[in-house]
Amino acid sequence: MSSLASSPPPRLIGDELWTLFEPLIPPQRLAVHGRTGRPRVCDRDVLEGIAFVLSTGIGWTKLPAELGYGSGWTCWRRMREWADAGVFDRVHQAVLDRLGEQGELDWSRASLDSVSVRAKKGGELTGPNPTDRGKAGSKYHLLVDAHGLPLNVLVSAANRHDSLFVEPILDSMPAIKRGGRGHPRRRPVKLHGDRGYDIPRVRRYLRRRGITARIARIGRDSSARLGRHRWVVERTLGWLLSYKRLALRYDRTAVTITALARLAITLICARRLPTN
């Protein structure tokens, strides 16, 4: 552990992202009867600890104190507080707003896909995975723009059909700012999907929303024909699973796994933020 203390890992939260994150953190609660206890670990170090757990997959209780992030319990507890306050959703929107203002988001087409992972300890938002011999698993549903930047993510049980999440993932999209004088956007012009989304209900919903469906038809269209546009979502799903705490799920609660998934797509988006 001495090597960790002498050469701490590089920061995972850049200055640009922290500038957007910091104003969204709820103020610290007042001490009861003037008691302060141990000095409070600063919020940025705690956020680094959460991102470290997310990236490495290390258990919360095994987070090395030498890294200066505070205890794993501190990071987990504060992550839950921030999740309950909607911080992770709002900071992702703030990053998308910044990218939209800079013209980095391409709303001409979006792609939707999912990936299933094993849930080692079961828990909420899990179910028998039909592709993993019925073992408990979860599924990440990911919506990306034409460049592959993640616009939204939802977590479900592994046995839930993909078509059930088209409406929720699009309806929960906030209005994202754009450069110039254009109105904020919350829906793409076209939506690409594989045969798993070829359901009449899905096509009717997209028509009502004014979104052109580019979905492979069962028994008629080849998914490969649409692959020239959909490969971006498959690449981004690979980026999502590079965060090891998501690739093999250990966290049992819906709040925790959803917060981690939201933080992961925020970190992916933040790679496109300008650096000083």
Side-chain angles (χ1 to χ4, degrees), residues 86 89-90 92-93 95-97 99-101 103-116 125 127 130-131 138-240 254 258 261-262 265-266 268-269:
D89 292 338
R90 290 159 59 200
H92 180 231
Q93 181 180 353
V95 172
L96 291 178
D97 280 339
L99 295 176
E101 290 171 337
E104 294 284 350
L105 298 179
D106 187 344
W107 292 92
S108 63
R109 64 182 80 248
S111 297
L112 180 60
D113 207 348
S114 69
V115 64
S116 297
L125 300 180
T131 64
S138 294
K139 185 181 288 188
Y140 305 119
H141 305 265
L142 190 65
L143 178 72
V144 304
D145 81 336
H147 299 311
L149 288 172
L151 301 172
N152 206 357
V153 66
L154 294 178
V155 185
S156 77
N159 59 337
R160 301 296 302 279
H161 197 273
D162 287 350
S163 65
L164 298 174
F165 294 89
V166 177
E167 293 97 323
I169 204 166
L170 285 168
D171 287 346
S172 60
M173 274 292 302
I176 304 302
K177 296 178 182 178
R178 293 193 294 169
R181 298 182 178 181
H183 293 292
R185 293 290 299 264
R186 65 170 71 241
R187 62 177 182 266
V189 177
K190 302 175 184 178
L191 181 69
H192 291 256
D194 61 21
R195 295 188 187 97
Y197 302 100
D198 185 24
I199 305 292
R201 170 181 49 79
V202 170
R203 293 183 180 274
R204 289 193 299 269
Y205 165 79
L206 293 176
R207 274 198 303 272
R208 289 197 305 270
R209 293 292 305 271
I211 301 172
T212 302
R214 290 289 184 261
I215 298 172
R217 295 184 180 273
I218 298 174
R220 290 176 53 185
D221 296 330
S222 168
S223 292
R225 186 173 67 85
L226 298 176
R228 60 196 177 99
H229 298 300
R230 287 189 59 255
W231 68 271
V232 293
V233 69
E234 295 169 357
R235 179 190 62 182
T236 308
L237 283 170
W239 291 342
L240 187 72
T258 301
R262 182 67 62 179
I265 66 170
T266 301
I268 294 171
C269 288

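Residue numbers count from 1 along this sequence.
- Within the structure, salt bridge (Lys or Arg N to Asp or Glu O under 4.0 Å) pairs that include any residue of residues 107-116 comprise D113-R230 (at least two apart or interchain).
- Put simply, the side chain of L151 reaches to within 4.5 Å of the side chain of W107, judged on heavy atoms.
- Annotation for P150 and C269: closest pair O-SG, 3.3 Å, computed over non-hydrogen atoms.
- Residue L240 comes nearest to I268 through the heavy atom pair N-CD1, 4.1 Å, listed as atom of the first residue, atom of the second, then distance.
- Counting heavy atoms from C-beta outward, S114 and F165 have side chains that stay 4.5 Å or more apart.
- Within the structure, the salt bridge (Lys or Arg N to Asp or Glu O under 4.0 Å) test picks out the following pairs touching residues 149-166 (sequence neighbours left out): K139-D162.
- Under the side chain to side chain contact (heavy atoms under 4.5 Å, CB included) test applied with I169, the options L112, L142, V153 reduce to a single match, L112.
- Under the side chain to side chain contact (heavy atoms under 4.5 Å, CB included) criterion, S163 pairs with H161, I199, R201, V202, sequence neighbours left out.
- Listed by chain and residue number, nothing satisfies the side chain to side chain donor-acceptor pair (under 3.5 Å) test with R185 (two or more places apart in sequence, or in another chain).
- Evaluated for a side chain to side chain contact (heavy atoms under 4.5 Å, CB included) with S111, the options L143, D194, V144, L191 yield exactly one hit, V144.
- Heavy-atom minimum distance, W239 versus G148: CZ3-O, 4.5 Å.
- Under the ring-ring contact (aromatic ring centres under 6.0 Å, His included) criterion, Y205 pairs with no residue at all, not counting sequence neighbours.
- Scored by the side chain to side chain contact (heavy atoms under 4.5 Å, CB included) test, P174 finds Q93, I176 as partners (sequence neighbours excluded).
- R209 pairs by the salt bridge (Lys or Arg N to Asp or Glu O under 4.0 Å) definition with D171, not counting sequence neighbours.
- Taking 4.5 Å as the limit, some side-chain heavy atom of L170 sits within range of a side-chain heavy atom of P188.
- Within the model, atoms CG of L96 and OG1 of T266 stand 7.5 Å from one another, a figure rounded to the nearest 0.5 Å.
- Taking CD1 of I211 as the start and NZ of K190 as the end, the distance is 13.0 Å to the nearest 0.5 Å.
- Residues passing the side chain to side chain donor-acceptor pair (under 3.5 Å) test with N159, sequence neighbours excluded: none.
- Contact between N152 and S172 at its shortest, heavy atoms only, is ND2-OG, 2.9 Å.
- Applying the salt bridge (Lys or Arg N to Asp or Glu O under 4.0 Å) rule to pairs touching residues 140-158 yields nothing, sequence neighbours excluded.
- No side-chain heavy atom of D97 sits under 4.5 Å from any side-chain heavy atom of H92.
- In terms of the side chain to side chain contact (heavy atoms under 4.5 Å, CB included) criterion, residue partners of V115 (sequence neighbours excluded) are, by chain and number, Y140, L237, L241.
- Formation of a donor-acceptor pair under 3.5 Å by the R203 side chain with backbone atoms of D198 is not found in this model.
- For E104, the side chain to side chain donor-acceptor pair (under 3.5 Å) partners are R272, not counting sequence neighbours.
- Here T236 pairs with nothing under the side chain to side chain donor-acceptor pair (under 3.5 Å) rule; sequence neighbours left out.
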